Engineer: 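One structure coming up, written as structure tokens, with questions to follow.
The sequence lines fix the lettering, A, B, ..., with proteins before strands; numbering per chain opens at 1. All of these numbers come straight from a predicted model, not from anything done at the bench.
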Amino acid sequence: MREIRFYNTLGRTLETFVPLQAGAVQVYTCGPTVYGHAHIGNLRTFVFEDFLRRSLSYLGLEVTQVMNLTDVDDKTIQRSNEAGLSLDDYTAPFIQSFFEDLETLHVERAEHYPRATEHIPEMIAMIETLLEKGFAYVSDGSVFFRIAADDDYGRLSGIDLSQQMRGERVASDEYEKEDARDFVLWKAAKEGEPSWDSPWGLGRPGWHMECSAMSMKYLGESFDIHCGGVDNIFPHHENEVAQSESATGKPFVKTWIHSEHLMVDGAKMSKSLGNQYTLKELLERGIEPRAIRYLFVSAHYRQKLNFTFDSVAAAANALERVDKMRFRLASASENGGPSATITAAIERLGQDVANALANDLNASEALAAVFQLVRDVNKVIEQGAVGQGDRERVIAALADVDRVFGVLDPGDWQQDDDAADGLSDEAIEGLLADRQAARKSRDFAESDRIRDELQGQGILIEDTPQGPRWRRG
RNA sequence: GGCGACGUGGCCAAGUGGUAAGGCGAGGGUCUGCAAAACCCUUAUUCGCCGGUUCGAAUCCGGCCGUCGCCUCCA
């Protein structure tokens, strides 16, 4: 098996990745908090995690992925109250919307999507363990993690809180903490809030606790990879490490992989700038989900990616380059045996893609390999040297690497209504025949009229020495 | 203030000590009735700036300039 290297936030180095169990890999990915529709920044992260999942699988590992749904926290509670709905009724449409977005962007399903509200007993059990071991304390019906008891707190994020806040004893909100640095594991219920019964009275879990308890339930006390956006490094993931390792005495996560943020027009997305697009808003503006996925996948995950309408347009054009090669190939005639050039190009593609992915998911290099194939195949087509079985072999090679990218086959992204409206194949063939007749009699006004008519219907025509070809654009 | 990331052609972007991938865009050519498509060629002697290490640096070290992120619940 090829050596896989990842950049581990824990230690901030590129290191060889060796799964805890040979041949299998466990991945926990922080999911959405379902108080609203996901914005495209959230979706970049989810698409990246999908890319990671597909890459691991492509490299021969069996993946078990868990993505949590945070369906109880300050925001979900506040907004459900404002809406006059129960927590479940309030979050349900956003959960549905989240899954629709994933589907639109062809994100593969994770193995588990645990919901916080369905794992309260596991969280309570873990908090009890922390209390028993002296890593937590109860205060006014809430439970806090005692950071002073955790020697290596700050290992993941590199933040040294002792310099900043130790001993200040700040009362945060209405909760009383021993130390300003301490974070909440269990929040006592306030008036009118949804709550669960616990040894400390009615309340609800803290956010960090949700992820620790659910990841351990599905992946065990120690597992391979934990992902999330960079903003989660501190405090969320730092706190997960603290509470998890304090509870079990074992290493929690081997490799932490964090993806950078999506920017919009060069700025961080924010409500005030009005650049917090949802996927549905972009679709309404006529942007193809396929181009969005390509854009997200084409940049390195640890690099900020600037989303602009120009950049999605460029992404769409890049995809078109692959589509056009496919199109030309499909109508190329076979001459002689398999092309040695194509054999070599296919061999090289597989190697280059796998190597690029194994090197900290270098998507740009992997895609460069795809375009290398496109160039090589184009040349063979141009030379009329496409041989027996070459067309199928190239399509199969593309399909093989597309297990990772999930964008290369336009057929996968066809709108249902595409074939329904517009001209039938037979009608198009008929018009093309008319056009050929007009061309033959040098009636170019007529032939151009037919071409324009077809183009008006979204049918693209290409004339070749072997005759015209067409496709739906 | 603390911690961290980044600055590569018109735009996007790879590169982890050996002499600048790839995509978009642009220009020229071939082909074509004209287009379109494709193919070929061109588009960074240079990688923010200044020093240093080295036979050799975009890649390592130091300084400076600039952009950005995190610093208690935002992917």
Engineer: Could you please name the option among B:C73, B:C68, B:G23 that lies closest to any side-chain atom of A:W207?
Structural biologist: B:C73

Engineer: Taking OH from A:Y301 and P from B:A5, how many angstroms apart are they, rounded to a whole number?
Structural biologist: 14 Å

Engineer: Regarding A:K268, tell me which of base, sugar-phosphate or nothing describes its non-hydrogen contacts under 4.0 Å with the strands shown.
Structural biologist: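 It contacts base atoms.
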
Engineer: Under 4.0 angstrom, heavy atoms only, what part of the nucleic acid is A:Q303 near: base, sugar-phosphate, or nothing?
Structural biologist: sugar-phosphate

Engineer: Would you indicate what A:N239 reaches in the nucleic acid, counting non-hydrogen atoms under 4.0 angstrom: base, sugar-phosphate, or nothing?
Structural biologist: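 The residue A:N239 makes no contact with any strand.
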
Engineer: Can you sort out the partners of A:R439 under side chain to side chain donor-acceptor pair (under 3.5 Å), two or more places apart, ordered by chain and number?
Structural biologist: A:Q436, A:D463

Engineer: Nearest-Å distance, CG (A:D231) to C1' (B:A5)?
Structural biologist: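 Atom-to-atom, A:D231 to B:A5, this comes out as 14 Å.
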
Engineer: Counting any heavy atom closer than 4.0 Å, what does A:G41 reach on the DNA or RNA strands: base, sugar-phosphate only, or nothing?
Structural biologist: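 Touches a base.
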
Engineer: For A:K280, what residues pass the side chain to side chain contact (heavy atoms under 4.5 Å, CB included) criterion, not counting sequence neighbours?
Structural biologist: A:S97, A:E100, A:D101, A:T278

Engineer: What is the nucleic acid contact for A:L305, judged by heavy atoms within less than 4.0 Å: base, sugar-phosphate only, or nothing?
Structural biologist: nothing

Engineer: Can you check the A:R435 CZ to B:G33 P distance for me, whole Å?
Structural biologist: 11 Å

Engineer: For B:U67, does OP1 or OP2 lie under 4.0 Å from any side-chain N or O of A:K304?
Structural biologist: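 False: A:K304 side-chain N/O out of range (4.0 Å or more) of B:U67 OP1/OP2.
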
Engineer: Please measure how far the P atom in B:U45 lies from the corresponding atom in B:G9, and state the result in whole Å.
Structural biologist: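 One P to the other, the span is 10 Å.
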
Engineer: Is A:S447 touching bases, backbone alone, or none of the nucleic acid, heavy atoms closer than 4.0 Å?
Structural biologist: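 The answer is base, as A:S447 lies within the cut-off (heavy atoms under 4.0 Å) of a base atom.
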
Engineer: For nucleotides 36-42 of chain B, just jot down a letter per nucleotide in 5' to 3' order: B, S or -, based on protein non-hydrogen atoms under 4.0 Å.
Structural biologist: BSBSS--

Engineer: Among residues at least two apart in sequence or on other chains, which ones pass side chain to side chain donor-acceptor pair (under 3.5 Å) with A:R293?
Structural biologist: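 A:R293: side chain to side chain donor-acceptor pair (under 3.5 Å) contacts with A:D50.
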
Engineer: Only counting residues at least two apart or in another chain, list the ones meeting side chain to side chain contact (heavy atoms under 4.5 Å, CB included) with A:D323.
Structural biologist: A:R290, A:P410

Engineer: Kindly write out the residues that satisfy side chain to side chain contact (heavy atoms under 4.5 Å, CB included) with A:A344, not counting sequence neighbours, or none if the list is empty.
Structural biologist: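 With neighbours one apart ignored, the set is empty.
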
Engineer: Please confirm whether the shortest side-chain N or O distance from A:N362 to OP1 or OP2 of B:G15 is below 4.0 Å.
Structural biologist: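 Checking B:G15 against A:N362, a side-chain N or O does come within under 4.0 Å of OP1 or OP2.
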
Engineer: The criterion is side chain to side chain donor-acceptor pair (under 3.5 Å); which residues satisfy it with A:Q243, sequence neighbours excluded?
Structural biologist: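 By the side chain to side chain donor-acceptor pair (under 3.5 Å) rule, A:Q243 matches A:S212.
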
Engineer: I need the CZ-P distance between A:R44 and B:C12, as an integer number of Å.
Structural biologist: 15 Å

Engineer: So A:A314, base contact, sugar-phosphate only, or nothing? Heavy-atom distance under 4.0 Å.
Structural biologist: sugar-phosphate

Engineer: Of all the nucleotides listed (B:A21, B:C34, B:U72), which has the minimum atom distance to the side chain of A:A368?
Structural biologist: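 The answer is B:A21.
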
Engineer: Should A:H237 and A:H258 be marked as a ring pair (Phe, Tyr, Trp, His ring centres under 6.0 Å) after you check the CA-CA gap, both sets of side-chain angles, and the distance that decides it?
Structural biologist: CA-CA 10 Å; A:H237 292 162; A:H258 290 99; 4.9 Å; yes

Engineer: Mind checking A:H39 for me? I need base, sugar-phosphate or nothing, with any heavy atom below 4.0 Å counting as a touch.
Structural biologist: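 Result for A:H39 = base.
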
Engineer: My validator wants the stems of RNA chain B: runs of 3 or more consecutive Watson-Crick or G-U pairs, both distances under 3.5 Å, written as range with range.
Structural biologist: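 The stems are B:1-7 with B:65-71, B:10-12 with B:22-24, B:25-30 with B:38-43, B:48-52 with B:60-64.
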
Engineer: Using the side chain to side chain donor-acceptor pair (under 3.5 Å) criterion, which residues pair with A:Y137? Sequence neighbours excluded.
Structural biologist: A:D182

Engineer: What contact category does A:L262 fall into here, base, sugar-phosphate, or nothing, at under 4.0 angstrom with non-hydrogen atoms?
Structural biologist: base

Engineer: Rounded to whole angstrom units, what separation is found between the CG atom of A:D310 and the P atom of B:C24?
Structural biologist: 15 Å

Engineer: From the options A:E238, A:E245, A:E240, select the one residue that forms a salt bridge (charged side-chain N to carboxylate O under 4.0 Å, His left out) with A:R155.
Structural biologist: A:E245

Engineer: Please answer whether B:G33 and A:F444 are stacked, defined here as ring centres separated by less than 5.5 Å and planes angled under 30°.
Structural biologist: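 Answer is yes, a stack.
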
Engineer: For the residue pair A:N68 / A:R115, report whether a side-chain donor-acceptor contact shorter than 3.5 Å exists.
Structural biologist: no

Engineer: Between A:R451 (CZ) and B:C34 (C1'), how many Å, whole number?
Structural biologist: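 Taking atom C1' of B:C34 as the reference, CZ of A:R451 is at 7 Å.
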
